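Some notes on the structure that comes next.
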Amino acid sequence: MTADQVPILVALGTALLALGALLWALRVSDGARGTARRYREVAGDRETENAGLKSVLGAHPGVILVWQGEPMEAEGDDITPPELYGSPVALAGLLSFTDDAISPDPAVRIVEGLADLEARDSAGQDTTLRIRLRELRELGQPFSLTIIGPSGRFLEADGRTAGVRAVVWITDTTIKGLEESSARGKLEEARQVIARDPTAFLDMLGKAPFPAWRVSGMGRLQWANPAYIAAVDGGNLDRVLERQIALDQAAAEQARKTITSGAEHDEVRHIFVSNERRAFRVLTFPLSGGAGCMAFDVTEQENSREELNRHVRAHDETLNHVADAVAIFSSERKLSFYNKAFRDMWDLDEGFLLDRPNHGQLLDRLREQKKLPARPNYPQWRADEISYYLDIDGVKEDKWSLPDGRTLSVTRQRHPMGGLLVLFKDITDHLALQTRFNALIKTQSATLDNLHEAVVVFGSDGRLKLHNRAFERVWDISAERLKEKPDYDDVVSACLRHFHEADIWDAIKLHITDTSARQSTTGEMRRQDGSLLTYLTQPLPDGNTLIAFADVTATRRVESALRERAEAFEAADRLKTEFVRNVSYQLRSPLTTIFGYAELLETQRNGALTERQTDHVRAILSASDHLGKLIENILDLALIEAGRMDLELGELSLEDLIHEGIEMVVSKAEDTEVHVRSDISGSLGLIRADERRLKQVLFNLISNSLRFTQPGGEIVVSARRLGDMVTLSVRDNGTGLDTEKRATSFDSFVSGDQRGAGLGLALVNHFIHLHGGNVGMKSVDGGGLEVTCWLPAQAPVMPSLQPPPAHSEQPTAH
C-alpha cells in the first residue's frame, strides 16, 4: 500500500461508519415505536378485562369488600375503609342495616351496621362479624357466617385471604330466596317464646330495680329502663336517648370494649347517683347489633368488703407490732402471712418470703442456712412438723435451741381460717433472767439469814412465806415450829410471851390481810425484858407483806447520850457567842480612851516628846488600831454566826477597789520591804457587791500574805472575769502554809503562825459566802500561797447566812 492510498482508505472507513450509525438509529427508533404500540395494546386489553371483571362483580347479588394489606381497624377501633364492589341493588339493600352507622363511606357504614349483629358460623356457634373479621386479618382464618338481621332477614358473609388482601363477600340471602335453617329455626323459636307473652321481657326489664340498657354496635344508647333513667336523672327515655346520657363514661367504655371483643365484661366501680357515691357492679354482654348492660348496686357488699379488709389490715398491723415472730400458713401449707419480727428473727430474703413458700420449703431454707436446731433425723423431724396440719388438738409447744445460742419457744395451733399459726418467742433472755432470779433468791435467802434484823414475810392469806434466822432468835421461836409455814395467829401466839399488846399485833395483821389497808407502817415495841424493838410493815408487789424487827435498845441509849452532848455543845456555843459580844463591847470603851489619849500625845500639844517617847506613843497607836480591828472582826463574826449580817449591795468597779486596797497597805508593805502589785486580765466591768465587805476581804488577804512574806518578797493581786463570775486572788512567794494547817485556816480564832486570833481568813470565807461565792487555797510552785475567791458578778439579794464550809485546797481547774 502506497502513501497516496492511505487518505482514501481513511475517508472510506469514515463513510462506512457513518452509514452504520444511521442504520442503527433507524432500527432503534422503529423498535421503540413498536414497543409503545404494544404497551398501548396491552393496556387497552387490561382496561377491557377490568371493565369485564367489574361488570361481573357488579352482577354479584351482594357486595365485595377488599382491604389492600392495611389493618381492618385503625386507631380507636375505627374501621379502615375497604374497596367496595357489587351490584347497586345489593348495596342499597345492605345500607338499610346501617341506621346506627355514623361514617359517610358506604363500605364502612355496611361493616359498622353488620359487625355486631347476631351471627352463627357453619359449626352452629354464635359469633359476630367483627370477631371473624379480626381473626381473618390477624390469623388469616377464613369464615362463613349467617347474619341474622332485623325483620327476619338473613345475610351470608364469607371471608378469605388473597395474598396480603382480605376479601369479604356479603350476600342478602333474602334476595336470592335462600334461608339459613338453623338461624331461621332460632329466630322462629324466639318468636314463639315472645308470642306467648309479647310484653313479658320488656315489662320485666322495665320494672327491674337495677339499671338496664342497650347500646348499638357503634356504642349509641338505644334503650334504657326506668331505673337507668332515674339513676342518670334523665327525666324520660326520649330525653335520655336524645342526649345519649351515659351512666358514667367508664360504663360507656366498657360497653364498647364488649362490642369490640365480643365477650362479657364484669367490673365494679363507684358512681354518683342522686348526689350519693354508690358502688355498682356493671355487667356488659354482647347482643345482636350491639351490647346489653346492667348495673347492680353493691354498695353494702363493697362496704362490707372494705370493712373486712380494714380488719385484716388492722390485724396484720397489730401482729407487725408484736414482739414475737408470727407466721401463718394457709390450708395449702403456703406462707400466707408473716410479721416484721418473723423476718428479723430468721433474717430471710424478702423476695423468698414474698414468693409464699410452703412450710417444708421454709424449713429446708432455714436448715440450709444452719439456723435450725441440730436434729439426728431431719427428714423425720420435718415430717413431724408438717403432720400438724393433719392432726393438731389445742396448742402444741416445745423449745428449739438454735446454733447461734438463742432458745425459742415454738407454739403451733390451728388457724381459724384454715391452715396453721406458728408463734416463735425468743426466751433466751427469759431463761437467763430465770436463772439469775433463782440465783438471786438463793442470794437473798443467804443475805436474809445473815441480817441482824428479824425479817418475816406473810401472804395475803395470812400464812408465813419466808423468815430468816434472826427472826427465830429475836422472838425465841424454834425453826421446827416455823417449818410448816404456820398462820399469822400461830406465829403471834409464840411471840406474845415477849410482847403481849394484842392491839399492835391486830393492827399488823390488818395490813397483811386487808387489801384496802396495805401500806407501809412503822412502830415500836417495848418488850417484857426492857428491850426496845422497832417494826416496819412493807407491802410487796406480789401481794405479800414484809415485816422487819430491829432491836434498837443500844442505839437509843447512844442517841440519848449524843443528844445530851449536842445540847451541851449548843449551850456552850451560845455562851461563847454572848461572851465574845459582851467582851467586845466592853473592850471598845477603854480602847477608845487609850486611842484618844495616844493621838493627843502624838500631837505634842502638851509638850514635846523625846524620840523614845514618840516611838512608845506610835506603838500604843498601832496596838490600839490592831485591837480595834480585831474587835470589829469579832463583832462581825458574831453577827454572821447569829445570822444577822446583811449586805449593802451596789454597783462597783472591782478594778478600782483593788487599787484602793493596795494603796491602803502600801505604807505597811514598804515598812516590811515587800512589793505589792496588781495583775488584772481584761476588763472586769461593774459588779454588784458590798464594797465595804470586799475591801475587808482584800485587806485581810493582803495582810495575811504580808505576815508570811519575807522582806524583798512579792504579793500579786489578780482578778479576771469569766462570764457571770469574777475571780479575785492574792498570791505571795512567802513561806506558805503546811498542809495540815490549811484544813483549819478558815476556822474562827485559828492563826497560821500563832501570832493572832486568826479571824482574817474566817471573815474572808464568810463574806464571800454571803455574796454567793466560795474560797479556795493552794500552794505556789517555788514556795508561797495563793488564796482565790470566786464571786458572782451579780450577788444574790439574800444568800444563806449559814457559816460556809472551809475549802483548804483550790480546785485545779481554777
Side-chain angles (χ1 to χ4, degrees), residues 76-78 95-104 109 112-118 128 130 149-151 190 193-304 306:
D77 296 335
D78 294 334
L95 287 175
S96 63
F97 293 88
T98 64
D99 293 340
D100 293 330
I102 58 176
S103 176
R109 290 179 63 86
E112 289 178 347
L114 302 180
D116 299 298
L117 291 177
E118 185 178 356
T128 64
R130 187 185 299 273
S151 304
V193 172
I194 297 175
R196 296 189 189 101
D197 191 353
T199 62
F201 292 97
L202 288 178
D203 188 48
M204 179 177 62
L205 289 178
K207 293 182 179 180
F210 53 85
W213 66 101
R214 174 189 170 92
V215 296
S216 69
M218 301 311 300
R220 293 181 59 81
L221 184 65
Q222 292 180 321
W223 174 86
N225 68 347
Y228 180 94
I229 297 171
V232 299
D233 195 20
N236 55 66
L237 180 60
D238 293 337
R239 181 171 177 269
V240 170
L241 295 179
E242 179 183 355
R243 299 189 179 185
Q244 291 292 302
I245 303 175
L247 188 63
D248 75 333
Q249 187 60 35
E253 293 295 335
Q254 181 179 335
R256 280 193 286 271
K257 188 173 13 175
T258 296
I259 294 171
T260 302
S261 63
E264 292 184 3
H265 286 82
D266 189 351
E267 300 178 6
V268 176
R269 66 174 57 89
H270 286 85
I271 302 173
F272 278 92
V273 176
S274 300
N275 295 325
E276 183 180 359
R277 187 172 182 265
R278 308 288 294 177
F280 280 89
R281 176 191 173 196
V282 181
L283 175 64
T284 58
F285 45 88
L287 292 176
S288 179
C293 310
M294 296 181 182
F296 304 96
D297 192 337
V298 293
T299 305
E300 298 300 327
Q301 296 92 313
E302 287 300 308
N303 290 342
S304 298
E306 291 178 2

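Just so it is clear, the structure is predicted and the values come from calculations on it, not from any experiment.
Applying the ring pair (Phe, Tyr, Trp, His ring centres under 6.0 Å) criterion to Tyr228, with sequence neighbours excluded, gives Trp213.
Contact check on Lys257 versus Glu264 returns no salt bridge, with no Lys/Arg side-chain nitrogen under 4.0 Å from an Asp/Glu carboxylate oxygen. We find that Arg256 and Glu253 are joined by a salt bridge, their nearest charged nitrogen and carboxylate oxygen being less than 4.0 Å apart.
In this structure, Ala231 and Leu247 approach most closely via the heavy-atom pair CB-CD1, 3.9 Å. Of all the heavy atoms in Arg214 and Gly290, the pair that sits closest is NH2-N, 4.2 Å. Taking all atoms of both residues into account, the shortest heavy-atom contact from Trp223 to Ala212 is CZ3-O, 3.8 Å. When every heavy atom of Ala227 is checked against every heavy atom of Ala208, the shortest pair comes out as CB-O, 3.6 Å. Val240 and Gly234 get closest at one heavy-atom pair: CG2-CA, 3.7 Å. Residues Pro286 and Thr258 come closest through the heavy atom pair N-CG2, 3.6 Å.
The main-chain N or O of Arg220 is never found under 3.5 Å from a side-chain atom of Gln244 such that the two would form a donor-acceptor pair. Between the Gln254 side chain and the Val282 main chain, a donor and an acceptor come within less than 3.5 Å of each other.
With rounding to the nearest 0.5 angstrom, the CD1 atom of Ile271 is 4.0 Å from the CG atom of Asp248. Asp233 contributes atom CG, which lies 7.0 Å from atom OG of Ser274 (distance to the nearest 0.5 angstrom). To the nearest 0.5 Å, atom CG of residue Leu221 and atom CD1 of residue Ile245 are 9.0 Å apart.
Side-chain contact, Thr284 with His265: no donor N or O sits under 3.5 Å from an acceptor N or O.
For the pair Arg281/Asp266, a side-chain contact is recorded, criterion being any heavy-atom separation below 4.5 Å from C-beta on. Using a 4.5 Å cut-off on side-chain heavy atoms (C-beta onward), Ile259 and Arg130 make contact. Using a 4.5 Å heavy-atom threshold, the side chains of Leu237 and Ile229 count as touching.
For residues 289-303, the pairs satisfying side chain to side chain donor-acceptor pair (under 3.5 Å) are Arg278-Asp297, Arg278-Thr299, Asp297-Thr299, Glu302-Arg305, with sequence neighbours left out.
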